[in-house]
Asks: 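Dropping the structure in here first, questions after.
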Amino acid sequence: MNIRVLREDVTKVKTPALIVNLFEGVKSPGGATGAVDKALDGAISQLIGEGEIKGNSREFTLIHTFGKIGPDRVLVAGLGKQEDFSANTVRVVSGNACRFLRNRSITSACTIAHGAGIGGLDPQSAAQAIAEGTLLGLYRFRQYLADNGDGKDLENLTIVEGNADKTAALETGLRVGRITAEGAMLARDMANEPANVMTPTRMSEVARQVADADGLEVDILDREQMEELGMGALLGVAQGSHQPPKLIILKYNGDPDNPSDNLGFIGKGITFDTGGISIKPAGGMERMKGDMSGGASVIGAMQVLARLRPKANVTGVVPAAENMPGGEAQRPGDIVRTMSGKTVEVINTDAEGRLVLADAMTYAKQLGVSRMVDIATLTGAIVISLGKVCSGVMGNDQKFIDQVIGAGDATGERIWQLPMFDEYKETLKSSVADMMNVGSNRDAGSITAAKFLSEFTDGVPWAHLDIAGTARSDSDKGHLVKGATGVPVRTLVNLALAEAS
Ligand code: BES
Ligand code: MN
Ligand code: ZN
């Protein structure tokens, strides 16, 4: 899809549809919407007066202009309350508006730069949010459909802005937004692929392609190399599958003068989670093809950083394996030795994410990361606690956790912190190994999982994102569509960009 900027009068531009906007409660629109209203002899304010247009979020009103002005149609998009307005409003409205137009087989449209006037956004952020909302909101995964729609898609979107001073900033915003959205869409594509295609090997090939295309260092460790490193926990998970595990490493070195400053992203890459011998119930198990979403988000974020080239050093590590109950599978009660030297009694083979992450975190520390975030669809319990509204975060360094939460806020990928009191560790005690991989009861399952991971941080400031509730969406809304969300690619990118500034 093409998105571009055009310097032109919104009332004169020739286009099948022009998207304008309205805050809730506004009776006579100003700015670009006001100019369009005036050119239409007050049609928009009349509809407001009659109560048909209220400006609520998710409200769309399509007005046909019958040759009165340049655009054939005007789509008035409600922005909701002005005090709630942010770049995320723009992202959500852009996604919804573009799907609205696509559903009406409109293939080309124009939009005003929402919020760049009265909304108080700078033009660059407004354009970035428009690009992200549009590209992510129109995303579809149709690779395997013989009948993939009517062939009509919204193919051109033009931001129309009369003020020449704003065009450069709008164009920069479009570029950043496109690159960021493409990273999130790469992560979505990987997670939407079925597990018979997106194997650990395939994941490593995608990572290699990204590295080759955009200039990242890449290293892929195979089973033998992991054996030499003593990654008993990761290998224990992988041994029940015929698919060989891969440890994927991507490095972006944007700040070579400060090599000791190195942000680590560690993403769970379980390409399918049957539960292993502690097998999961059949209902809904197909969703476990998305258990590599954390790893996919790391690869997506690394692609974005490679293209944006900020002044920061970032290392991505993805332990990729399939959790299957084959004849060689590990058993409940097995004791594995992690790369850190600590031993783990595997009580439940379905608590596999923490096992692969433990070795990946130890390896990341050995690679020299000075802070790390792990991203994982780790626990069903986080969905019970927080639903699908936000991801959970836990960690060992409040300042770093706050940075991660802040990076998420700016993107609309919301994050909520859970506590890490010492007492939560007690249920992980084993009588035969250094710890068990699950608590002795089901209490606070997301926190005990994080407590387990905290044993492998080795003094590095660390934040853990549990995305089990946010990695998929059940419906189309705003920039999200049904299926994989690409969360938290944009948060990770923001975190690295904040490092750079
Ligand atoms: N991949 C699952 C967690 C999950 C659940 C992700 C639902 C997405 C949606 C993870 O490996 C798992 O199975 N966790 C167990 C842990 C338990 C055995 C302590 C769980 O949450 O039930
Ligand atoms: Mn599991
Ligand atoms: Zn899992």
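Counting from 1, the numbers follow the sequence of the chain as shown. Hydrogens, waters and symmetry mates play no part in the numbers below; they use all other heavy atoms, side chains included. Both ligands and their constituent atoms are indexed starting at 1 by order of listing.
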Asks: Record the part of Asp350 in heavy-atom contact with ligand 1 below 4.0 Å; permitted values are side chain, backbone, both and neither.
Replies: both
Asks: Considering heavy atoms of the protein only, find what lies nearest to atom 10 (C) of ligand 1 and give residue, atom and distance to 0.1 Å.
Replies: Leu378 O, 3.3 Å
Asks: At less than 4.0 angstrom from any non-hydrogen atom of Glu352, what atoms of ligand 1 do you find?
Replies: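 Answer for ligand 1: 11 (O).
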Asks: Could you tell me whether any N, O or S atom belonging to Ala351 is less than 2.8 Å from the Zn ion (ligand 3)?
Replies: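 No, since none of the N, O or S atoms of Ala351 sits under 2.8 Å from the Zn ion (ligand 3).
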Asks: What protein heavy atom sits nearest atom 20 (C) of ligand 1, and how far away is it?
Replies: Gly380 N, 3.9 Å
Asks: I'd like to know: is the Zn ion (ligand 3) within the 2.8 Å range of an N/O/S atom from Asp350, strictly under that distance?
Replies: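 Short answer: no, not a single N, O or S atom is under the cut-off.
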Asks: Can you name the closest pair of heavy atoms from Val393 and Ala463 and give their distance?
Replies: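 Val393 and Ala463 have their closest heavy atoms at CG2-CB, 4.2 Å.
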Asks: With a heavy-atom distance limit of 4.0 Å, tell me whether Lys268 approaches ligand 1 through its side chain, its backbone, both, or neither.
Replies: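 Lys268 to ligand 1: side-chain contact only, backbone stays beyond 4.0 Å.
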Asks: Is any side-chain N of the basic residue among Asp476 and Lys482 closer than 4.0 Å to the acidic one's carboxylate O?
Replies: no
Asks: Which value, rounded to 10°, describes the OE1(Glu352)-the Mn ion (ligand 2)-O(Asp350) angle?
Replies: 70°
Asks: With a heavy-atom distance limit of 4.0 Å, tell me whether Lys280 approaches ligand 1 through its side chain, its backbone, both, or neither.
Replies: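 Just the side chain.
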Asks: How does Met288 reach ligand 1, by side chain, by backbone, by both or by neither, if only non-hydrogen atoms under 4.0 Å count?
Replies: side chain
